[in-house]
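Each remark here refers to the structure printed beneath this line.
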Amino acid sequence: MSRAKITPEEALAYHLEPYPGKFDVVASVPMATQRDLSLAYSPGVAVPVQAIAERPETAYDYTVKGNMVAVISNGTAILGLGNLGALASKPVMEGKAVLFKRFADVNAIDIELDTEDADEIIKAVSLMGPTFGGINLEDIKAPECFIIEQRLKEIMDIPVFHDDQHGTAVICAAGLINALELSGKKIEDVKIVLNGAGAAGIACLELLKTMGARHENCIMCDTKGVIYQGRTEGMNQWKSAHAVKTDLRSLEEAMVGADVFLGVSAKGAVTPEMVSTMAENPVIFAMANPDPEITPEEAHAVRPDAIVATGRSDYPNQVNNVLGFPYLFRGALDIHARAINDEMKLACARALAALAREDVPDEVAMAYGRKLSFGRDYIIPTPFDPRLIHVIPPAVAKAGMDTGVARRPIIDMKAYESSLRSRMDPTASILQGVHARARQAQARMIFAEGDEPRVLRAAVAYQRGGYGKALVVGREADVREKLEAAGLADAVRELEIVNAANTRHLDAYKDFLYQRLQRQGHDRQDIHRLAARDRHVFAALMLAHGHGDGLVTGATRKSAHVLNLMNTVFDASAADGAVGVTALLVKGRIVLITDTLVHEWPEEQDLANIAVRAAGVARNLGLEPRVAFVSFSTFGYPVSERATKMHRAPAVLDRMQVDFEYEGEMTVDVALNMDQMRHYPFCRLTGPANILVVPARHSASISVKLMQELAGATVIGPILTGVKKPIQICSTSATANDILNMAALAACRIG
């Protein structure tokens, strides 16, 4: 994947819109009536208060404590930016909080402490113990981070985890397990060189020694060279613990004959010459961010036998902390752990290593645009592997139970794994997959409405996000003015601005269009107006002639009108088999509703064809289709003339012998709720439907907009399918991010 370029304006807009920050607090219980309020607060709340006072462990039953983590920082070591203070660290800590929720369904709250005094931080955090099930320390500089974590572990009876240290260490250990297996070496025999004697480096070396690496085989280096016994300059008690008896004094000297290099230091710290002196099949984990100590290309140029990992997503083998901390805490919280110990961290590392050796699910391969299999370029699972949620926490929980830190051990591990599967929100991984595949496709994307600021922001994001070339239809002066107003003036040099006045293909476009429309009442003057003056038609003509690979339009005109314009260039009508499929993403579920764009009143044959098209879209999104033909009746009752076509449509699919599940007609609650579906034991669906074929376009539109407005559903679409070229028509209310999503769908040819 190409590495996305994020502009300052884009980053600020992301944090500002639709309102400041990155998360809300949402009630999980009814809060509508007076009775609800009486239960939530006085007098009803007194009952759990008394229960907790009598038995403190029941706080995990009656409050959110058991699924709540505090993300705490004082801002003294923010990313690679240094000491910018507690307030400046808040965006990072909010980001960490939403990562907890996104990857492991752990609730997290950020807390920024405005002090650099370690004792004050220890006091403040320790007093918060009753509130949280765990503490995640973040972006606190060394050596204070060591002091704070160690003291809090001693005085608190909940897990305290400094992710900058141990998160990196766990993922590094997981990758090293597999790298050594591939190179045929054992950890107790290898010579390890680590560069970067900060929190992460020390934690990495300590965990590897716990795994069996020998102290005398591990050489730690910092900016002053090798940390050896007797050195006094730049030393502290944590470095001294890893000092070895050696005559080596520089990183260059230490690298000679090394089996493993671990870097948590700075860009360019390792040269190709150093790599060339390493042992056979060297393992190089160059984890400095944003740029590694040495790039994989540089390392492989001198040592093709090297196994290389970095901290970046645009190279194989990314050492990414998000593979660890959400699942470590998930497992720890679920056993009400008193701590996260070394055994739990090692269990996490070993489970990650084992997962990388298993067959990779198709949806993961689809997301990354290539087949992934265990080997030198795949020693660590990808962050979007859906198995992480139900593989890693059980391993962590079991280790916690085995080592006696669990307050409430899990009795039925199979049931626990099943419950974890249900926590996984598939929506984000599907969108991630779409965007990853779009970056692989590198499509030239035509953005038809170049005078619309939302479209221009999406086009810039497409170009700078590494998806491919953005082609904007518009007048250059207008585009420049709108970009300047959006704070993106420099982007005008990056985008390709196209219009009828600056293309040499206009005559060919007009000839093509005249051939299509001459028998539909259009003369040459009409054709000129359409081709030269209507940006939607002009953009479609570009696509038809191969002057772009995909098209996004519709942000400024009603979709029905835009579809009619597309029909002047392409066969995109109901009669041609075109269908509009809208994806609703809500509460961890994905449901496709169709037809939302093309068919006004489809008959039973049309409904069957719509189902087939929608099933194709579902599979392109990584879903196994389950189609329900929905109405206000279920399997023939109540009898209604308007429901008859929905009743007959499955019989059409019977004759077509399609290869996906389908059933109907049925009400929406039966289609989506297995408890309701069980009243009809003959129903052929094996799970809740993920495709709803509705009777008419008006009912589709009502359903989508109702879910969007009342349930807060994320809407993707309508996704136009059944057209020869990838065209996606946005809604007029689409945000810049929505338009970018539609461009990604077009690039992936989903439709």
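- Residues Tyr509 and Tyr514 keep their aromatic ring centres 6.0 Å or farther apart.
- Between His545 and His505, the distance from one ring center to the other does not fall under 6.0 angstrom.
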Would you sort out whether Thr714 and Val586 count as a side-chain contact (heavy atoms from CB on, under 4.5 Å), showing the intermediate values? CA-CA 6 Å; Thr714 298; Val586 60; over 6 Å; no

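- In terms of the side chain to side chain contact (heavy atoms under 4.5 Å, CB included) criterion, residue partners of Asp511 (sequence neighbours excluded) are, by chain and number, Arg524.
- Within a 6.0 Å radius of CZ in Arg475, no more than 12 heavy atoms belonging to other residues, nucleotides or ligands are found.
- Under the 3.5 Å distance criterion, the side-chain polar atoms of Arg102 are left unmatched by any main-chain donor or acceptor of Ala97.
- The number of heavy-atom neighbours closer than 6.0 Å to CZ of Phe23, taken from other residues, nucleotides and ligands shown, is above 12.
- Judged by distance alone, the side chain of Arg697 and the main-chain N or O of Leu597 form a donor-acceptor pair under 3.5 Å.
- Closest approach of Ala614 to Thr594, counting heavy atoms only: CB-CG2, 3.9 Å.
- Put simply, the side chain of Gln442 gets close to the backbone of Arg439: a donor and an acceptor are under 3.5 Å apart.
- Of the possible polar contacts, one joining the Asp595 side chain to the Gly580 backbone as a donor-acceptor pair under 3.5 Å is found.
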Give the C-alpha distance, both sets of side-chain angles, the deciding distance and a yes or no for side-chain hydrogen bond (donor to acceptor under 3.5 Å, both in side chains) between Asn74 and Thr76. CA-CA 6 Å; Asn74 67 347; Thr76 52; 2.8 Å; yes

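- Of all non-hydrogen atoms in Ala746 and Pro726, the two that sit nearest each other are O-CB, 3.4 Å.
- Taking the charged nitrogens against the carboxylate oxygens, Glu94 and Lys90 do have a contact shorter than 4.0 Å, which makes a salt bridge.
- At least one donor-acceptor pair closer than 3.5 Å links the side chain of Asp534 to the backbone N or O of Val537.
- For Thr503 (side chain) and Ala500 (main-chain N/O), no donor-acceptor pair under 3.5 Å exists by modelled atom type.
- Judged by distance alone, the side chain of Ser73 and the main-chain N or O of Glu138 form a donor-acceptor pair under 3.5 Å.
- When atom types are taken as modelled, the side chain of Asn502 and the backbone of Ile497 share a donor-acceptor pair closer than 3.5 angstrom.
- Surrounding CG of Leu87 are at most 12 heavy atoms belonging to other residues, nucleotides or ligands under 6.0 Å away.
- Without hydrogens or angle criteria, Asp738 side chain to Thr735 main chain gives a donor-acceptor distance under 3.5 Å.
- More than 12 heavy atoms of other residues, nucleotides or ligands lie within 6.0 Å of NZ in Lys101, so this atom counts as buried by the packing criterion.
- Between Asp291 and Arg312 there is a salt bridge, with a side-chain nitrogen of the basic residue lying less than 4.0 Å from a carboxylate oxygen of the acidic one.
- Counting heavy atoms of neighbouring residues, nucleotides and ligands inside a 6.0 Å radius, atom NZ of Lys22 exceeds 12 of them.
- Looking only at distances, a side-chain donor or acceptor of Asp526 sits under 3.5 Å from a matching main-chain atom of Asp523.
- Applying the 6.0 Å contact sphere to CG of Asp114 captures no more than 12 heavy atoms from other residues, nucleotides or ligands.
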Counting only pairs under 3.5 Å, give me each side-chain donor-acceptor contact of residues 445-455, with atom names and distances, residues two or more places apart or in other chains.
from	atom 1	to	atom 2	distance (Å)
Glu449	OE1	Gly554	N	3.2
Glu449	OE1	Ala555	N	3.1
Glu449	OE2	Gly554	N	3.3
Glu449	OE2	Ala555	N	3.1
Glu449	OE2	Thr556	N	2.9
Glu449	OE2	Thr556	OG1	2.7
Asp451	OD1	Arg535	NH1	2.3
Asp451	OD2	Arg535	NH1	2.9
Glu452	OE2	Arg454	N	3.2
Glu452	OE2	Arg454	NE	2.9
Arg454	NH1	Thr732	O	2.9
Arg454	NH1	Ala734	O	2.6
Arg454	NH2	Ala555	O	2.9

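- Checked against Met707 for a side-chain contact (heavy atoms from CB on, under 4.5 Å), the options Leu584, Val715, Val591, Leu585 give a single hit: Leu584.
- Taking 4.0 Å as the cut-off between side-chain N and carboxylate O, Asp490 and Arg464 count as a salt-bridged pair.
- Ring-plane geometry between Phe100 and Phe325 is classed as perpendicular, the angle between the planes exceeding 60 degrees on a 0 to 90 degree scale with a lower cut at 30.
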So Glu476 and Arg480, salt bridge (Lys or Arg N to Asp or Glu O under 4.0 Å) or not? Walk me through it. CA-CA 6 Å; Glu476 186 166 347; Arg480 186 185 300 275; 3.1 Å; yes

